[in-house]
Protein chains: 2
Amino acid sequence: MPNIELNEKKIQILEVAEKLFSEKGFEGTSIRNIAKEAKINIAMVSYYFGSKERLLESLIIYRTSDLKLKLENLLEEDLEPIDKVNKLIELYITKINCNGGIFRIMHFELTSKKREKTLNHFTELKKGNLKSLESIIKEGQNKGVFRKDVIIPLITPTILGTFFHFHMNKIFFENVLNLNTETLYNDYIKTNLTKHIQQTIKALLVYEN
Amino acid sequence: MPNIELNEKKIQILEVAEKLFSEKGFEGTSIRNIAKEAKINIAMVSYYFGSKERLLESLIIYRTSDLKLKLENLLEEDLEPIDKVNKLIELYITKINCNGGIFRIMHFELTSKKREKTLNHFTELKKGNLKSLESIIKEGQNKGVFRKDVIIPLITPTILGTFFHFHMNKIFFENVLNLNTETLYNDYIKTNLTKHIQQTIKALLVYEN
DNA sequence: TACAAAATTAAACAAGTGTTTAATTTAAAC
DNA sequence: GTTTAAATTAAACACTTGTTTAATTTTGTA
């Protein structure tokens, strides 16, 4: 196995792997599939990454490394709490939407009992994200603009879950909402779905029963 | 291949398959895994269901057949729209939660490009569910208790997505929320998570901006 | 008891899996 | 130009995959 850093070739392999994993799942994608699509020899995956499992690990780190940073920057900005929440939602969606399909893989494959060890990096990421969200919400609660009886850890499932569920039922929603082209579908996410989630979270945070 | 109806043995196989599929994914589970766990010969799966793919199909039909009925019954009940929505949420969660892990499989595996053909039954189910939800919401809108600018098809992603996302990150939330036993975890879903979703949807539906 | 259908089995099938090997080519350094 | 390390390759490795076969056992019926 060569140097641990990512070179051009490794990135090329990662991106092909991401595409195939997101289309056919981790188990459903063979190294030969990846090699063929990336036009490399099947031995190169083991040569560069060590194993298929470690390829997945590299992919996750490759894709998630800058999200943490962006979230932390958001905390420092001079914005009202509700605007921070809206920006956080937007950040999540654009980030996830721009990155091939890795988040779909994470959402899925990383929860299976088989892959508990690969989970570590992902768990740390999630804990960090939750902390960022927590500080925003608490700021809003202290300012008296957010209600205090919301369960903060359950807000992320609502944000991400809504998005993922929409994404996972792509074919269904393309059909129901008449999103015939890829552009229409992506625009719908960028505008309507994002707005729906923001509207939902805002209502949850400020609505007095 | 014998009779198409389900006998005791077929159900036993279905339930083992459900367990393993939900733990390790469809591709990650072999017929030999299923056969061993169900204590049957590996040929029996092909004998009873024809193929692994058709086994999955049978499993989905087996698990979803009564959900449609229960939803339609809910429509007929004499309840306020918001109570119907709350009951619908509760129905979804208990139904999904009681059924091993098939919904997790559906959520995932049925969205991959590989399995488009198996999708049909599932798509019909989703369309029916959406219609039921739509009629409840519109009733509320006509009565003037629900706002009229919500995008109805996006409500299901928020309900189910929140639940699934929580479920998929089980290990993470067990950790964060100190749900050390299986009972604690299930109770949390039954009470707090359900309430969170109901609270969220209610806020979305009645909150005036 | 005898017969036929259904259920069950072990074995084999061909194809695909991730990984390793050892040989060869390419690139870089001296 | 020679030497050394890295990159790339085809072939083989042992193993698992879903499915089928053909033989055997079990079950139900007349």
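Within the helix from C:dT1-D:dA30 to C:dC30-D:dG1, the inter-axis angle between the opening and closing five-pair segments is 10°, rounded to 10°.
With D:dT19, D:dT8, C:dT19 as the choices, the nucleotide that has an atom nearest any side-chain atom of A:Ile42 turns out to be C:dT19. If you check D:dA7, C:dT20, C:dA7 against the side chain of A:Ala43, the one that comes closest is C:dT20. Nearest to the side-chain atoms of B:Tyr47 among the listed nucleotides C:dA7, D:dA7, C:dA10 stands C:dA7. In this structure, the nucleotide among D:dT19, D:dT9, C:dT17 sitting nearest to the side chain of A:Arg32 is C:dT17. Of the candidate nucleotides C:dA6, D:dG18, D:dA12, D:dG18 has the atom nearest to the side chain of B:Lys52. Of the listed nucleotides (C:dT20, C:dG18, C:dA12), C:dT20 has the atom at the smallest distance from the side chain of A:Ser46. Side-chain proximity of A:Asn33 to C:dA7, C:dT17, D:dG18: nearest is C:dT17. The side chain of A:Ile31 has C:dT19 as its nearest neighbour among C:dT9, D:dT19, C:dT19.
If you measure from atom CD1 of A:Ile40 to atom C1' of D:dA10, you get 14 Å, rounded to the nearest angstrom. Whole-Å rounding puts the A:Phe49 CZ to C:dG18 P distance at 15 Å. At whole-Å resolution of the value, CD in A:Gln12 and P in D:dA7 are 14 Å apart. The nearest whole Å value for the distance from the CG atom in A:Asn41 to the P atom in D:dA7 is 14 Å. As rounded to whole Å, 11 Å separates atom C1' of C:dT8 from atom CD1 of B:Ile13. The distance between atom NZ of B:Lys9 and atom P of D:dT26, rounded to the nearest whole Å, is 13 Å. Rounded to an integer number of Å, the gap from OH of B:Tyr48 to C1' of D:dT19 is 18 Å. A:Met44 has its CE atom 12 Å from the C1' atom of C:dT25, to the nearest Å.
A salt bridge does not link B:Lys19 to B:Glu15: none of the charged nitrogens lies less than 4.0 Å from a carboxylate oxygen.
Using cut-offs of 30° and 60° for the angle between ring planes, the A:His165 and B:Phe164 rings count as parallel.
A:Tyr185 has its ring centre less than 6.0 Å from the ring centre of A:Phe166.
At distances below 3.5 Å, at least one donor-acceptor pair connects side-chain atoms of B:Ser135 with backbone N or O atoms of B:Ser132.
Across A:Leu56, A:Leu59, A:Leu55, a single residue satisfies side-chain contact (heavy atoms from CB on, under 4.5 Å) together with A:Phe49, and that is A:Leu55.
Every ring-ring contact (aromatic ring centres under 6.0 Å, His included) that B:Phe163 has, sequence neighbours left out, goes to B:His167.
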Acceptor/donor pairs from residues 82-91 of chain B side chains to any protein atom, 3.5 angstrom cut, sequence neighbours excluded:
unit_1: B:Lys84; atom_1: NZ; unit_2: B:Leu75; atom_2: O; d: 2.9
unit_1: B:Lys84; atom_1: NZ; unit_2: B:Glu77; atom_2: O; d: 3.4
unit_1: B:Lys84; atom_1: NZ; unit_2: B:Glu139; atom_2: OE1; d: 3.4
unit_1: B:Asn86; atom_1: ND2; unit_2: B:Ile82; atom_2: O; d: 3.4
unit_1: B:Lys87; atom_1: NZ; unit_2: B:Glu77; atom_2: OE1; d: 3.3

